[in-house]
Amino acid sequence: MKVLVTGGAGYIGSHTCKYLARNGNEVTVYDNLSTGHKELVRWGDFVHGDIRDESRLRAVIHRVNPDGIIHFASSISVGESVVDPGSYYENNVLGSLRIMQCLRDEGVRPLVVSGSAAVYGLPDNCPVCETEKPMPINPYGRTKLIMEWMLKDFAKAHALPWVALRYFNAAGADPEGETGEWHEPETHLIPNVLRSVAEDGNTLKVFGTDYKTKDGTCIRDYVHVCDLASAHALALEYLLNKNKSTSINLGNGKGISVKEIISTVEKVTGKRVKFEVCDRRPGDPKELVADSKKARQLLNWEPRYESIESIIKTAWDWNNKLKNKAMK
Ligand code: UFG
């Protein structure tokens with residue numbers, strides 16, 4: 001299969017490219033490198049380009065003539081989306097619209113997109129099913145929901161087949177150390193905890209210990225990035241075989257608190273985590289855990305990394321590699 005991957009130089013994108021290439025697919029990465037890294041484009045051809053650049057994108061789709069597209073390219077920080085909503089609507093809404101318009105004009109084919117648990121906002125039920133009413137509480141979540149609405153309209157009007165994969169908390173790294181999480185600045189919990197043990201003078205900020213949870217800290221569902229990668233390939237196959245568009249949660253279904261992440265990092269690394277308790281971070285839901293039955297049933301998805309230790313171990317190995325600047 002020929003697959004065009006927007007945002008293939010990023011965290012989840014690069015792991016998905018590796019998975020696709022290892023499974024006999026021809027990959028072309030389309031990325032503007034605004035947050036991604038050229039060093040992580042190791043599996044397939046690379047085209048430098050922005051998803052909002054319609055003529056460039058159209059030319060690439062025309063030339064590559066992919067059997068399917070996986071669309072990762074987007075802005076991903078909740079906090080930044082509150083401060084600078086315009087760039088989120090530009091990148092995530094307008095950029096996604098451009099892809100749909102190019103497919104409409106160049107010939108529709110399956111489109112798998114990065115959705116997010118952020119569409120649920122503060123869900124009434126946990127674990128959260130796809131049937132939960134989406135009520136995003138920040139611009140980032142709203143852009144991801146608008147993208148899904150646009151997909152529904154394009155499916156109806158132009159028969160564009162799509163799957164939106166709503167990730168919970170992506171974590172971990174390629175066990176072979178060829179790619180991993182590399183955000184600048186880093187805002188996510190696990191890499192920040194690892195930095196606090198790896199770097200002198202780096203203290204982790206714990207955002208809130210007064211939530212109504214088992215230990216007062218927020219609960220999340222961490223899913224290994226390689227398991228997300230396989231889900232994208234399965235979603236593409238599903239669309240090619242069944243042609244039925246839908247949104248699907250991806251998580252492990254286990255709720256893990258911030259304090260539990262800290263103690264697991266201490267166990268995996270054998271080092272003490274230095275942390276200070278800070279105020280709550282605005283917009284953080286107290287608990288987000290996925291019901292991923294739909295992914296298992298529809299896609300036959302079987303996550304391979306179910307323990308948080310195994311996820312953190314791969315992130316720790318990658319962190320050491322990045323710290324040694326092996327990638328730079
Ligand atoms: N946290 C800290 N200290 C840090 C970083 C995070 O205490 O330095 C806490 C957060 O407050 C939160 C938990 O750790 O309670 C997880 O935070 P992350 O930033 O790692 O992840 P989020 O749950 O905020 O974000 C994830 C995805 C987003 C998505 C969001 C939906 O990364 O893309 O879930 O809520 F929008």
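Computed from heavy atoms alone, side chains included, the values below leave out hydrogens, waters and symmetry copies. As the structure lists them, so they are numbered: ligands from 1, and atoms in each ligand from 1.
Near Leu288, meaning under 4.0 Å from any of its heavy atoms, are these atoms of ligand 1: 31 (C), 35 (O). Counting atoms of ligand 1 from 1 in the listed order, those under 4.0 Å from a heavy atom of Val206 are 7 (O). Listed by number with element, the atoms of ligand 1 under 4.0 angstrom from any heavy atom of Lys205 are 2 (C), 3 (N), 4 (C), 7 (O), 8 (O). Atoms of ligand 1 lying under 4.0 Å from any heavy atom of Ala118, numbered from 1 in the order shown and given with element: 31 (C), 36 (F). Counting the atoms of ligand 1 from 1 in the order shown, those under 4.0 Å from a heavy atom of Tyr140 are 29 (C), 33 (O), 36 (F).
Taking the ring pair (Phe, Tyr, Trp, His ring centres under 6.0 Å) definition, one finds that His15 meets it with Tyr11, sequence neighbours left out. The ring pair (Phe, Tyr, Trp, His ring centres under 6.0 Å) search around Tyr211 returns none, not counting sequence neighbours.
Residues Arg166 and Glu132 are not paired through a salt bridge, judged by the lack of any N-O separation under 4.0 Å between the basic side chain and the carboxylate. The pair Glu39-Lys321 fails the salt-bridge criterion, with no side-chain N (NZ, NE, NH1 or NH2) lying under 4.0 Å from an Asp/Glu carboxylate O.
Under 4.0 Å from ligand 1, not a single heavy atom of Ile261 appears. Residue Leu189 touches ligand 1 through backbone and side chain together, judged by heavy-atom distances below 4.0 Å. Contact annotation for Thr217 and ligand 1: no heavy atom of the residue comes within less than 4.0 Å of the ligand. Heavy atoms of Arg280 found under 4.0 angstrom from ligand 1: none, in either backbone or side chain. With a 4.0 Å heavy-atom cut-off, ligand 1 is reached by the side chain of Asn169 but not by its N, CA, C or O.
Side-chain polar atoms of Tyr140 and Glu80 form no donor-acceptor pair below 3.5 angstrom.
To the nearest 0.5 Å, the span separating CD on Glu287 from OG1 on Thr217 amounts to 11.0 Å. Atom CG of Leu322 sits about 12.0 Å away from atom CG of Asp317, to the nearest 0.5 Å. Here the straight-line distance linking atom OG of Ser245 with atom CG of Leu111 works out to 9.0 Å at 0.5 Å rounding.
Among all heavy-atom pairs drawn from Asp53 and Tyr30, the shortest one is O-OH, 3.9 Å.
Scanning the protein heavy atoms around atom 5 (C) of ligand 1, the nearest turns out to be Thr187 O, 3.3 Å. The protein non-hydrogen atom at the shortest distance from atom 29 (C) of ligand 1 is Ser116 OG, 3.7 Å.
Looking at Phe207 next to ligand 1, an N or O pair under 3.5 Å apart turns up.
The closest heavy-atom contact to atom 17 (O) of ligand 1, among the options His188, Arg281, Lys286, comes from Arg281.
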